Amino acid sequence: MTDNGCGGKGTCTSCGGDEGSLDKFLESIAKEEALARIGHKIVVLSGKGGVGKSTVAVNLAVSLALSGKRVGLLDVDIHGPSVPKLLKLEGKQLESANGKLIPVGYQSLKVISIGFLLDEADDAIIWRGPMKAGVIKQFVEDVAWGDLDYLVVDCPPGTGDEPLSVVQTLGQADGAVVVTTPQELAVADVRKSITFCRQLKLPVIGVVENMSGFTCPHCGEVVDLFKTGGGEAMAKSMNVPFLGRIPLDPKVVNAGDDGTPYVYAYSKTPSAASLERVADSVIAACETDANSETETVSMKIAVPTSDGQVCMHFGHCEEFTLFDVDGKSKSIQKAEKVTPPPHEPGLLPRWLGERGVNMVIAGGMGSRAQGLFAEAGVKVVTGAPAEDPESVVTKYLAGSLETGANVCDH
Ligand code: ADP
């Protein structure tokens, strides 16, 4: 028993003689302290299993870590903990120190998974209700997470007791990313996930439509094999943000089988670009100043053009088209053509920065310009096709822009 020196006899003012309530009091302080060190808590939900929830959770966590954030990944998908496999951490066992579980490291990522409790990857866990709630609670509260900017939680699928326990144990989470696929059934299920979030007052950061279209393994083109767009239509009808589409991509399966997150292994693919945008939306949702008057994330995207098409050589373009984009509805509000000053190394990043540009989509760009943009916090996408700039930006916003090699990386 833990007491305040009175042995639970009521001679101190803290415990009032009730051993149980003192323990509970200390426990609640410990929980608050542990949770206070976690900046933002994001839950990844899906209406049903097999839609790519764990794949999105892992790659979201890695993308956040790649953006320089301190990230924890908590896999509490009790019935199918796939995070150890996706990160090649199978067979790792949890250790503890000072009464706290120590997360397993994957590069800078701190990982806890129900899978680390299994002796063999194929073992099944038969948990009764209170045990499930207990282990979820322990994984949130009794882990030496340290200071984290983000804790990404891979929840069990559905809207039952298990995701409910997760959300309740986390206290006030920042929001949920809901993963769905284009098929009707999954979309119908995902509506329940959104209603579930609303009932728990958990903000919906947005919906991701996974396995939407198919990336051809030969030419890399994204083909609409099955019905796509259901997730986007559903997000619109339920008035929640749509975070983009991730095509069905054999490379995603390979990456999962190899235990390397595809945002690392195939960073130039449309799937990785879509995932990076999901991470950007999560950062924008969590870090946009709540007191700021701008509630939506607005973007200014610059596209270098020559002969009305995306120019392959950033520094030698004829003009730029600047697009004002409403980040919430992901729509172009305004397009304006501007002529740049004569070419001079290092000038264009400053010139575009002065025009409020926070993103550049280019065919190719030299490493010096890329470095200057990175320093100024301007995101750069290279390898865009030589097409009309509006269609390139529209595809980018819809998550369907295919990028190739950076043709100007001299
Ligand atoms: P869930 O967590 O929803 O059960 P997983 O993330 O475990 O789903 O994914 C289920 C399977 O689908 C895995 O084999 C994974 O590699 C595959 N998968 C997920 N997303 C994609 C995608 N965009 N393209 C191809 N395969 C995918």
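Counting starts at 1 for both ligands and their atoms, following the listed order. Keep in mind it's a predicted model, so treat the numbers as computed, not measured.
At least one heavy atom of Ser82 lies less than 4.0 angstrom from ligand 1. Heavy-atom separations between Pro247 and ligand 1 include at least one value shorter than 4.0 Å. In this structure, Gly256 falls outside the shell of residues with a heavy atom less than 4.0 angstrom from ligand 1.
Geometrically, ligand 1 and Lys48 share no nitrogen or oxygen pair separated by less than 3.5 Å.
Distance screen at 4.0 Å: atom 25 (C) of ligand 1 has a protein heavy-atom neighbour inside the cut-off. Distance check on atom 11 (C) of ligand 1: every protein heavy atom falls at or beyond the 4.0 Å cut-off. For atom 14 (O) of ligand 1, the nearest protein heavy atom is 4.0 Å or more away.
If you check the side chains of Ser331 and Gln333, you find a donor sitting under 3.5 Å from an acceptor.
Side-chain atoms of Asp149 come within 3.5 Å of backbone N or O of Arg70 as a donor-acceptor pair.
Using a 4.5 Å cut-off on side-chain heavy atoms (C-beta onward), Val380 and Phe314 make no contact. The closest side-chain heavy-atom distance from Leu87 to Pro261 is below 4.5 Å.
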(message) side chain to side chain contact (heavy atoms under 4.5 Å, CB included), that's the test. Do Trp145 and Lys110 meet it? Break it down for me.
(response) CA-CA 7 Å; Trp145 289 113; Lys110 295 179 177 174; 4.2 Å; yes
